[in-house]
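Here's the structure we're looking at; comments come further down.
Nothing here was measured: the structure is a model prediction, and the numbers come from that model. Computed over heavy atoms, backbone and side chain alike; hydrogens, waters and symmetry mates excluded.
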Amino acid sequence: MEIIKITVLLLCSVASGVQGLAKAKQSHMHDNPSDFNNEASFPRFAEPIPNITVTIGRDALLACVVDNLKGYKVAWVRVDTQTILSIHHNVITQNPRISLTYNDHRSWYLHIREVEENDRGWYMCQVNTDPMRSRKGYLQVVVPPAIVESMTSNDMVVREGTNVTLNCKAKGFPEPYVMWRREDGDEMAIGGENVNVVDGEILHITKVSRLHMAAYLCVASNGVPPSISKRVQLRVQFPPMLSIPNQLEGAYVGQDVVLECHTEAYPASINYWTTERGDMIISDTSRTGDKFETMSRNTGYTKYMSLKIRSVGPADFGSYRCVAKNSLGETDGLIKLDEIPAPTTILTTESLYNNRSKGRKANKKHDPMMVGDYGVEEWKENGPAIRHPPGAFHNGAASATTSMRDIRIGSCCAGILFLLQQLLSILSQHRLAGDGRR
């Protein structure tokens with residue numbers, strides 16, 4: 001019934017248009033036959049129908065402006081399908097997204113709500129003159145890019161040394177441009193060159209290595225926002241590898257020492273330390289003061305291991321082994337801990353002087369004839385060591401700037417004191433000898 005109604009309405013509209021055209025012709029011929037071919041008496045399009053571009057899902061508006069329409073009628077037609085969309089005030093198409101508005105019998109607007117890709121094409125505005133007059137406008141429907149999941153690679157796990165191909169398929173209108181890049185922004189080693197971006201839907205890596213292990217982004221864009229990307233995680237499996245910064249460590253008794261070991265593995269390895277006898281070292285971090293403390297820190301496929309030995313004793317010297325295992329293999333490394341002499345404490349002149357001063361203060365009987373012992377320091381300046389008493393130069397930072405003149409003066413004073421001591425000793429002996437003769 002709906003089809004019959006539309007057909008009848010269409011026939012009535014066409015008949016009405018033809019009838020109106022006949023009346024207009026008769027009227028023109030009756031009034032002034034010379035004006036029949038006068039162009040000014042016919043409808044004319046005031047402006048062209050502009051081509052418009054609309055993103056899929058949004059609304060489109062096509063405008064047709066006709067001057068001097070008089071009794072003629074306007075119709076909208078879809079050119080590629082030859083479908084009549086509207087005639088004068090009536091919408092003919094059954095598409096519910098299409099509507100019609102008009103203004104002052106001059107402007108005629110075709111509305112298309114929530115445009116779809118199949119709405120793309122030419123649209124014609126017609127006036128039923130004889131011959132028929134028309135204008136065309138193009139509706140361009142653009143589609144932002146989208147990733148075709150069924151044709152795009154997902155996360156991959158591969159063995160080191162194999163060849164890898166990552167695919168990415170995108171759709172949209174215009175056709176999207178596709179590229180690959182690393183998510184972290186680092187360069188990619190592709191075909192012997194380091195590049196930031198690989199153009200195209202395919203990323204091929206020959207003899208993949210652990211350096212290729214990363215998240216890769218397939219980015220599609222076509223000028224219609226937004227651009228879109230898909231993240232593909234590439235994991236590369238390889239057995240553990242191990243490196244030791246220092247294979248020989250030295251420590252003295254009572255010292256704390258830290259042994260270090262670096263490993264690389266994927267899947268992540270199980271790491272531990274053993275003693276020279278092969279016993280596994282287990283530390284309890286909840287208890288403070290344990291003899292051993294183990295620590296590990298992961299950065300990607302790299303793991304840092306350390307073993308801290310507190311207050312090293314004679315039994316702690318020997319070899320220690322760091323071990324790394326995963327499903328593809330295992331490896332270990334040896335670190336030897338040797339004993340070194342403990343650092344000696346050198347007493348300075350100032351400290352000896354202070355100690356002796358304290359001793360003298362504690363002794364109530366002080367012999368004025370007694371000459372104190374002196375601490376001895378060595379001083380070098382492009383020559384052999386010079387031994388001198390403490391008064392020769394001040395201990396500390398100032399000693400570095402002491403001149404040779406100060407040292408000579410100090411040595412001279414010490415010599416005078418020594419001579420006085422010898423003289424007093426001789427006088428004392430003569431006094432005792434004289435008393436004996438008496």
Side-chain angles (χ1 to χ4, degrees), residues 157 159-161 182 184-189 194 207-215 234-348 378 380 397 400:
V157 179
R159 288 293 297 269
E160 193 169 38
R182 282 178 61 131
D184 56 15
D186 289 350
E187 292 184 334
M188 300 177 286
N194 292 328
K207 293 183 179 180
V208 68
S209 74
R210 68 200 64 184
L211 299 178
H212 292 107
M213 190 184 306
L234 177 63
R235 296 180 174 89
V236 181
Q237 293 182 328
F238 59 95
M241 296 184 65
L242 184 144
S243 64
I244 298 174
N246 298 303
Q247 293 181 310
L248 181 62
E249 290 280 0
Y252 55 84
V253 174
Q255 181 187 4
D256 291 352
V257 67
V258 177
L259 311 181
E260 296 182 357
C261 187
H262 300 167
T263 65
E264 295 180 359
Y266 189 83
S269 58
I270 299 173
N271 293 24
Y272 58 90
W273 292 88
T274 65
T275 63
E276 194 171 31
R277 298 185 302 273
D279 299 330
M280 185 183 295
I281 298 174
I282 300 175
S283 66
D284 186 357
T285 55
S286 63
R287 296 183 304 178
T288 57
D290 273 5
K291 184 70 174 179
F292 300 103
E293 179 184 346
T294 61
M295 187 190 74
S296 64
R297 182 176 66 250
N298 294 349
T299 305
Y301 55 81
T302 302
K303 181 176 289 188
Y304 165 81
M305 299 171 57
S306 68
L307 172 64
K308 183 176 183 179
I309 307 173
R310 294 188 177 90
S311 187
V312 173
D316 298 325
F317 297 108
S319 298
Y320 293 85
R321 191 179 301 274
C322 61
V323 183
K325 294 182 179 181
N326 72 0
S327 59
L328 303 178
E330 69 173 274
T331 186
D332 58 49
L334 198 66
I335 302 177
K336 189 176 181 183
L337 179 61
D338 282 346
E339 182 178 5
I340 60 175
T344 57
T345 304
I346 300 176
L347 296 177
T348 63
E378 292 187 357
K380 292 183 180 180

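The two atoms that bring K291 and S311 nearest to each other are NZ-O, 2.6 Å, heavy atoms only. Smallest separation of non-hydrogen atoms from K303 and N271: CD-ND2, 3.3 Å. Summarising the geometry of M213 relative to V236, their closest heavy-atom pair is CE-O, 2.9 Å, with the distance given to 0.1 Å. The minimum heavy-atom distance between L328 and P267, with the atom names listed, is CD1-CD, 4.4 Å. Across all non-hydrogen atoms, the minimal contact from K308 to D256 is CE-OD2, 4.2 Å. What you find for V208 and R159 is that their closest heavy atoms are CG1-O, 3.6 Å.
For the atom pair E339 CD and D316 CG, the distance stands at 10.5 Å (nearest 0.5 Å). In this structure, the separation between CD1 on I270 and OG on S296 is 12.0 Å, given to the nearest 0.5 Å. In this structure, I309 CD1 and E293 CD are separated by 12.0 Å, a value rounded to the nearest 0.5 Å. With values rounded to the nearest 0.5 angstrom, N298 atom CG is found 11.0 Å from M305 atom CE.
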*side chain to side chain contact (heavy atoms under 4.5 Å, CB included) between L242 and C261, worked out*: CA-CA 7 Å; L242 184 144; C261 187; 3.5 Å; yes
*asked:* Is there a side chain to side chain contact (heavy atoms under 4.5 Å, CB included) between Y266 and R210? Walk through the geometry before answering.
replied: CA-CA 9 Å; Y266 189 83; R210 68 200 64 184; over 6 Å; no
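Under the 3.5 Å distance criterion, the side-chain polar atoms of S283 are matched with a main-chain donor or acceptor of T294.
With sequence neighbours excluded, the residues satisfying salt bridge (Lys or Arg N to Asp or Glu O under 4.0 Å) with R277 are D279. Scored by the ring pair (Phe, Tyr, Trp, His ring centres under 6.0 Å) test, H212 finds no partners at all (sequence neighbours excluded).
Within the 4.5 Å cutoff, no side-chain heavy atoms of P239 are placed close to those of T331. Side-chain contact between V157 and Q237 is present, with at least one heavy-atom pair separated by less than 4.5 Å. Taking the side chain as every heavy atom from C-beta outward, L337 and Y320 approach each other to under 4.5 Å. S269 has its side chain within reach of T263: a pair of non-hydrogen atoms, C-beta onward, lies under 4.5 Å apart. Counting heavy atoms from C-beta outward, Y272 and I282 have side chains that stay 4.5 Å or more apart.
Using the six-membered ring where Trp is involved, F238 and Y301 have ring planes that are perpendicular, over 60° apart on the 30 and 60° scheme.
Sparse packing is recorded around NZ of K207, with 12 or fewer heavy atoms of other residues, nucleotides or ligands lying under 6.0 Å away.
With respect to R321, the side-chain contact (heavy atoms from CB on, under 4.5 Å) criterion is satisfied by exactly one of T275, L334, I335: L334.
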